[in-house]
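Worksheet: one structure, shown below.
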Amino acid sequence: MKSLLIGNAALARGFWEGGVGVVSSYPGTPSTEITEFLSEYRDIYTEWAPNEKVACEVAFGASLGGKRAVCAMKHVGLNVAADPLFTLSYTGVNAGLVICVADDPAMHSSQNEQDSRHYAIAAKLPMLEPADSAEAHAFAKASFDLSEKFDTPVLMRMVTRIAHSQSIVEMGERADVPTKEYIKNPPKYIMMPGYAKLKHPVVEARTAALAEYAESCPFNRVEDGADHSLGIITSGTCYQYVKEVFGDSIPVLKLGMVNPLPPQMIRDFAAGVERLVVVEELDGIIETFCQTLGLKVEGKNLFSPIGEYSQRTVAAAFGRELPAFVAPAADLPGRPPMMCAGCPHRGLFYTLAKKKITVIGDIGCYTLGAQQPLNAVDSVLCMGASVSGVHGFNKARGAEAEKKSVAVIGDSTFMHSGVTGLIDIAYNQSNSTVIILDNSITGMTGHQQNPTTGLDIHGDPAGKIDLEALCHAVGIRRVAVVDPYDLAACEKVITEELAAEEPSVIISRRPCVLLKTVRKNPPMKIDPEKCRGCKACMQLGCPAISFREKKAVIDDTLCVGCGVCAQKCAFGAILE
């Protein structure tokens, strides 16, 4: 059966057909849908883990127990999972284990650009990189056999364009893969120094064997062309751009296994062309490898290590005309992301900005508090860094800073990696104030459950973490809960907790307004006779409010009737 699938759905289907039994992941764009699609196959176990490190360790445990396993994450999530990843290279696997990592060139929804092929090289693990949905499906199915054949975890590199673009996939049936026997084997699985020293030579031998396998594996292929004045080595989404610009006119070495690379295959390809060019996002990894082989090669002299490529990028680099099917570049106005109308975070951020508080921010919807007109966030680093960061900030600047600074973190991010920062505050005692924005969901990645929601990945009842009890348990005595729609209450509790002479936590609790379970109120209305055009309501940055003909206007197709704007109007012009 053929179907039109995005790359992430194709990966999920391929893993299911390949016999996966256990899936553990943490959501992160552009990887989230891999696990969401896998969760639809109810004959396998699927979960959201608190973070990527935990997910990777769960997948290892499942592999150890004899079930084929998968975990998926975005590129910055692989940083979190790096601890188990490197040692997994030494232990190897029992049943097949695949770790999917989705890079985000151009940072569509990320805080940095990162080329995860560096991890494959550093950890000495095989990495596959599909170039469309059909390859994503095929590579996923084959990855378990590759993992078990070479006794290694396999990395699967996706990028945003392949993860979210569609192509035709020929779907098959699920393989009947029995659970492998678990046999106690301390030298293989216990990585204390005596055993680990014995495993490093095994890893090196495996890398050599994988490089030999890469020479004739089904993931790499040469596509010949009539014009041998130019030959291109490429992989992943760049392969599509190269083929769209050149068609079948030139030879192309298309690499699906991007680590380890096939030295002889590359030498043979280079020998048959006059000019050798590597087209790859982001870093010049394949180009550097070609240089170590003594080949004359071009790459980053023509292409930037920054951002995504396109047909335009490739055509411009070689001085060629764009294909006729490529649409002209559109000159569109910028549309920066913003908090939704009725977002529960808005009132809290407005209050922080009003009081001129230094806000150490975190990763999630609340990052948007940095946007105008709120301009309420001072820094955003990585998941959980707000809590640790405010502690360090206050230790550096002293008591005066403690009275004018807070950390802001979401409920899911707090469970991901904020708890340990709060433990540090409680243990090392800075009078820091941490605000947990509890919107009852993992918001920015598309409404995934997390340990605070009481529901699992399928929406079924699950264990529910009590945030107040958790904060008390780690040593925080002062824990206050506030409704962020109540501006006066927000200001009162923030003032009180900043004045306290001990660490404190404020839980700003109201569900995300986009949740289906959240009842919306009728939209607010403007009385034009009372409106004085003072623009106080515009200070909230709500997309439902605009200003026309010197009067505020509310878009009733966007407004959810949260009432925050009415609290800002001194003239009573905003009505229910």
Decide, yes or no, whether a salt bridge links [X] with [Y] under the criterion of side-chain N to carboxylate O below 4.0 Å.
| X | Y | result |
| --- | --- | --- |
| Asp486 | Arg510 | no |
| Glu496 | Lys492 | yes |
| Arg477 | Glu502 | yes |
| Glu281 | Arg117 | no |

### Message
Quick check: closest heavy atoms across Ile286 and Leu255, and the distance to 0.1 Å?
### Response
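In this case the closest contact between Ile286 and Leu255 is CD1-CD1, 3.9 Å.
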### Message
Ignoring hydrogens, what is the shortest heavy-atom contact between Asp362 and Val408? Give both atom names and the distance.
### Response
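Heavy atoms only, the tightest pair is CB-O, 3.4 Å.
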### Message
Check this for me: Lys354, atom NZ, are more than 12 non-hydrogen atoms of other residues, nucleotides or ligands nearer than 6.0 Å?
### Response
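Not more than 12 within 6.0 Å, no.
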### Query
Just wondering, are more than 12 heavy atoms of other shown residues or ligands nearer than 6.0 Å to CD in Glu400?
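For Glu400, atom CD is not crowded (no more than 12 foreign heavy atoms under 6.0 Å).
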For the residue pair [Y] / [X], report whether a side-chain donor-acceptor contact shorter than 3.5 Å exists.
| X | Y | answer |
| --- | --- | --- |
| Ser39 | Thr46 | no |
| Ser24 | Tyr45 | no |
| His458 | Gln449 | no |
| Ser235 | Arg157 | no |
| His75 | Asn112 | yes |
| Thr442 | Ser412 | yes |
| His391 | Ser430 | yes |
| Asn79 | Gln114 | yes |
| Ser388 | Asp424 | no |

### Message
Can you classify the ring geometry of Tyr119 versus Phe86 as parallel (below 30°), tilted (30 to 60°) or perpendicular (above 60°)?
### Response
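The arrangement is perpendicular - the two ring planes meet at more than 60°.
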### Message
Considering only residues two or more places apart or on different chains, which pairs with a residue in residues 334-346 satisfy side chain to side chain donor-acceptor pair (under 3.5 Å)?
### Response
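Listed by first then second residue: nothing to list.
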### Task
Flag the pair Phe139 / Phe219 as yes when their ring centroid distance falls below 6.0 Å, and as no otherwise.
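That pair passes the under 6.0 Å test.
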### Message
In this structure, is the centre-to-centre distance between the rings of Phe15 and Phe144 below 6.0 Å?
### Response
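Ring centroids of Phe144 and Phe15 are less than 6.0 Å from each other.
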### pair Ile435-Ile409: side-chain heavy atoms closer than 4.5 Å
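No, too far: nothing below the 4.5 Å cut-off.
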